[in-house]
Each structure stands twice: as structure tokens, then as C-alpha cells.
There are 2 protein chains.
Amino acid sequence: MPTSTASRAEAALAGALRDAIGRLGRRMRHHANHPELSLGQLAALRSLDLHGPMSPSEMATHERVQPPSMTKIVARLEELGYVSRAAHPQDRRQVIVTISTAGAGLLEDDRRRRDAWMAQRLGVLDPEELAALRAALPALEKLSRS
Amino acid sequence: MPTSTASRAEAALAGALRDAIGRLGRRMRHHANHPELSLGQLAALRSLDLHGPMSPSEMATHERVQPPSMTKIVARLEELGYVSRAAHPQDRRQVIVTISTAGAGLLEDDRRRRDAWMAQRLGVLDPEELAALRAALPALEKLSRS
DNA sequence: TATTGTTATACTCTATAACTATA
DNA sequence: TATAGTTATAGAGTATAACAATA
């Protein structure tokens, strides 16, 4: 049974991956390079910057959180002035969330901060490891949204 | 400035990685394939299985959590009968945590469960993506403990 | 005094359930 | 009735601070 054998061989990958992701997430949450925003808030903002204005539901789907969680994330981002909420022109139930100039500025700042973060964190990796990480990024993206 | 340029180019990697890790961690925590134990508890147990008996402090260092967090993890694992705690023969301040037969059995069971989990999660990836993920695992491990 | 481990406490993030407004 | 969004509430996980026991 080649399939079973293959998948059993890769179960070790799944386990090690799960542990590493858990530890990494924990570290990232607590030693955030941007203390004002959580990982989830930052990811939502980046998604908005990348894909343009959208509704909270779409954002929730994209970031794989439940709608009430996204409500809170958007509320916090709006409170800080990084996004604005506007009524949908036709359907008044819907809300359109748009990134603000300040929000885009924060992401720009975040990019600069990541340079420093890299020196500390990704800096422990050698070029081969960095390349491996970059090559695996599409798979991680896909996995994180599947 | 080659260094600055390189690190700026890789800041995008850091950001995308951070977002993907965040989403993945969230998904893994909530759709756990082993509902009885959290990611952290499972990782601690795996670490114990891999490296042998050790003190809670060592476990905390290894898993990158604070000592009180590990106290709770170990307490839960002991409550469920997956580890046992014993006094250090010389230094009575220390505790030695050892994985139990049931704990080892749970990990064995977990390995089997991961086969099924794979079919659902890692199954969305094609062979190239799986290979990329496997190649990046050492870097992720290193990063998660650095 | 320093170290190991624990207890007490609080905070963040996320989820589910129930509700409001609109279609 | 169905859908978008929100509010209310609860639970899990982790941290920091304070404490007890031992070295």
C-alpha cells in the first residue's frame, strides 16, 4: 500500500511541523515586533492592503477566523485609525472596510521593523535554510488557508 | 549595501511567514486532531518522549514557555496519567518528569491519527509542496527555538 | 542568598450563541 | 426566511508577580 506507507512516513512531518508551528506562534505572539497590534490584527491589515477593500465576512473567510472575531479585530483597527468602515452602497446590511493612509503607513513601518526583527530571528539561519523557508512559503500559505 | 538590500528583500518573507504561521497555529489549535490535549501539552509530551526524563525547567526552556506555564502543562499531563513526577535523588528542589507507558501509547496513537489528519490537511499539497515543507522543517525548528 | 517549582492573578485571543437590522 | 454584522459570554493558553521549599 504505497499511499498508506507514504502518509505514514509523512505523519512524522505533520507532528514535527505542528510542534514547530506552535512554538513559533507562541514566540511571535509574545515577542511581537509591533506591540500595538496582535498577529491577527496585523494579518487582517496586510490582507486588506493586499486585496483591497472588503467586508468583514470576506476578511473572516480569508483569515480563517469566525465573524465575531473579525468584528473585534476590525473594531480595534478602526479605533486606532488604521481602517475605516463604510456602508455598502446597495446592501445596507454590509460594511466595507478600507485601509487608511495611517494603516498603509503602519504596514510600511512594519516592513522596516521586520528588517530589524530579521537580524535577530531569521539571522540564526544560514542561506540554505532561508532559501528552504522561502521555497516552503507557498505550501505554508496554502496549508494555512485550506 | 548588499546586506541591507538582502534583508529588506527578506522582510517580505518574514511578514508572510508571520501571517501564515499565525493562521496555521489558529487552525491547529481549534481543529486539533487530538481533542484531549492542546498543542502545547502534546509538544511537551513529544519532547519528553524524544529527549528522555527532565525537569520542568528544562522542559520550559526547550518548549520556550515560562516555568509557570510548564507547571500547568505537566500538571495536566500527570492528571491524565501521561507523565509521572518524581523527586530528584540529590536536589530535593527539583522534579524529574518522566513519560508513562500511557503517554508513550498516546503518542503512538497520535502518530496514527496524524495519518488521517494528513489526508485532510497536508493532502491539499502536491508532492513538490510537501517536499518543500519537509526541506524547510529544520529551519522552522531552529527558528522556533532560537 | 540563589534556585526550583508552584500558586495567584490577569490578560489576550478566539469561539459559540443570541440578537438586530436589512434583504 | 435568510443573511451580514454585532453583542454577550465563556474558555483556553500564556504571562508576570509573589510565595514556599531547598540548596
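Hydrogens, waters and symmetry mates play no part in the numbers below; they use all other heavy atoms, side chains included. These numbers come from a predicted model, not from an experiment. Every chain is numbered from 1, with letters handed out A, B, ... down the list of sequences.
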What's the closest nucleotide to the side chain of [X] if the choices are [options]?
X     : options               : value
A/D91 : C/dA23, D/dT22, C/dG5 : C/dA23
A/H30 : C/dA23, D/dG5, D/dT14 : D/dT14
B/I73 : D/dT7, C/dT22, D/dT14 : D/dT14
B/R85 : C/dT6, C/dT16, D/dA23 : C/dT6
B/R93 : D/dT14, C/dA2, C/dT14 : C/dA2
A/Q41 : D/dT14, D/dG5, C/dC13 : C/dC13

Could you state the [atom1]-[atom2] distance from [X] to [N], rounded to the nearest angstrom?
X     : N      : atom1 : atom2 : answer
B/M59 : C/dT6  : CE    : C1'   : 15 Å
B/M54 : C/dG5  : CE    : P     : 12 Å
A/Q94 : D/dA2  : CD    : P     : 18 Å
B/M28 : D/dA12 : CE    : C1'   : 18 Å
A/R92 : D/dT6  : CZ    : C1'   : 17 Å
A/E36 : C/dC11 : CD    : P     : 19 Å

B/G40 or A/P67, whichever maps to the more 5' nucleotide of DNA chain D: A/P67

If you find the nucleotide of DNA chain D closest to B/S38 and the one closest to A/I96, which residue's nucleotide is nearer the 5' end? A/I96

Regarding [X], tell me which of base, sugar-phosphate or nothing describes its non-hydrogen contacts under 4.0 Å with the strands shown.
X     : result
B/P56 : sugar-phosphate
B/E63 : nothing
B/E58 : nothing
A/R26 : sugar-phosphate
A/Q66 : base

Charged N to carboxylate O under 4.0 angstrom, B/D49 versus B/R46? no

In this structure, CG of B/L140 is separated from CD1 of A/I21 (nearest 0.5 Å) by 5.5 Å

Is the shortest side-chain N/O distance from B/S69 to OP1 or OP2 of D/dG13 below 4.0 Å? no

Polar side-chain atom of B/R26 near backbone of A/E63 as donor-acceptor pair, under 3.5 Å: yes

Is a side-chain N or O of B/H62 found less than 3.5 angstrom from the main chain of B/E58, in a donor-acceptor match? no

